Amino acid sequence: GRRAALPQGPPDVSALLRFSSPRTAPRAPCCDKLYTCRLCHDNNEDHQLDRFKVKEVQCINCEKIQRAQQTCEECSTLFGEYYCSVCHLFDKDKKQYHCENCGICRIGPKEDYFHCLKCNLCLAVNLQGKHKCIENVSRQDCPICLEDIHTSRIVARVLPCGHLLHKTCYEDMLKEGYRCPLCMHSALDMSRHWRQLDDEVAQTPMPSEYQNMTVDILCNDCNGRSTVQFHILGMKCNICESYNTTQAGRYKISLDQQ
Ligand SMILES: [Zn+2]
Ligand SMILES: [Zn+2]
Ligand SMILES: [Zn+2]
Ligand SMILES: [Zn+2]
Ligand SMILES: [Zn+2]
Ligand SMILES: [Zn+2]
Ligand SMILES: [Zn+2]
Ligand SMILES: [Zn+2]
């Protein structure tokens, strides 16, 4: 059945890798060996199979080797209810679709996704017009594990700043902190936490020698600059009220107290 909630990022592409009940074995263009599964090839060999270069397949039923196609030309075995002639993917119909802009097959249904040309990736339709576009973001490697995201078997998470992480790496990141490792924007809605911090700040007056000390800060969330009173627990952006800020200048002691 269908999941109730759409995944945030581009869908898992794991079906591209393992033919669930293979009826055909594509011939690896690199080493001329027959493999029913790209992953098995990649695990057994010291190189990766380039799916786009597959030209021939062998029928598991009659063993006839022939050009890559959906149905065996000898015994009429249907190699896959789904067949992509670009990716040479043979599989059950799992509502896959080939996205021409992504250049690969993704798990659909197609109508649940759109391809954002600027981010250069397929996203859930509920993000259309509601995400921060970053030029070619899908071609950047994951900032946590430094591995590819675009063709990854792991679902990607889109952060509010528009950057992408593998879902698993995102979960690791949350154990360490709340900020995008690339741009330091808050990766979660922190507003409740900030309002708690407001209370703590209010209950923790700084010693009198610090009362007139101000500092310039740069906000990692809105990129605004403000000058605020120095506080050991955190310094709140005057513009968006986030505490995700960094000190951007020296401390200043104001002398205008009466
Ligand atoms: Zn090979
Ligand atoms: Zn056959
Ligand atoms: Zn395809
Ligand atoms: Zn796409
Ligand atoms: Zn976009
Ligand atoms: Zn990662
Ligand atoms: Zn970011
Ligand atoms: Zn701010």
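Order of listing sets the numbers, starting from 1, for every ligand and every atom in it. The shown structure was predicted, so the numbers you read here are calculated from the model rather than taken from an experiment. Just so it is clear, the values below take in all heavy atoms, side chains as well, and ignore hydrogens, waters and symmetry mates. The chain is numbered in sequence order, starting from 1.
- What you find for I239 and C222 is that their closest heavy atoms are CB-SG, 4.0 Å.
- Of the possible donor and acceptor atoms, none in the side chain of R51 sits under 3.5 Å from a partner among the backbone N and O of R38.
- Any protein N/O/S atom under 2.8 Å from the Zn ion (ligand 6) was counted, giving 4 altogether.
- Taking a 6.0 Å sphere around CZ of F230, one finds it holds more than 12 heavy atoms contributed by other residues, nucleotides or ligands.
- Excluding waters, the set of protein N, O or S atoms lying under 2.8 Å from the Zn ion (ligand 1) comprises C30 SG, C31 SG, H41 NE2, H47 NE2.
- Between the side chain of T245 and the backbone N or O of M235 there is at least one donor-acceptor pair closer than 3.5 Å.
- Salt bridge E81/R23: present, at least one basic N to carboxylate O contact under 4.0 Å.
- Using modelled atom types, no side-chain atom of E63 and backbone atom of Q58 make a donor-acceptor pair closer than 3.5 Å.
- A salt bridge is defined here as a Lys NZ or Arg NE, NH1 or NH2 lying under 4.0 Å from an Asp or Glu carboxylate O, and K175 with E171 fails to meet this definition.
- Of the candidates I149, D141, I134, L164 forms a side chain to side chain contact (heavy atoms under 4.5 Å, CB included) with just one, namely I149.
- In this structure C30 satisfies the side chain to side chain contact (heavy atoms under 4.5 Å, CB included) test together with A28, H41, H47, sequence neighbours excluded.
- Between the side chain of H88 and the main chain of K53, no donor-acceptor pair closer than 3.5 Å is present.
- One N or O on the side chain of H166 and one on the backbone of D148 form a donor-acceptor pair closer than 3.5 Å.
- For the Zn ion (ligand 5), protein N, O or S atoms under 2.8 Å: 4 in total.
- Of all heavy-atom pairs spanning C87 and F52, the tightest one is SG-CE2, 4.0 Å.
- Atom CE of M190 sits about 14.5 Å away from atom CD of E241, to the nearest 0.5 Å.
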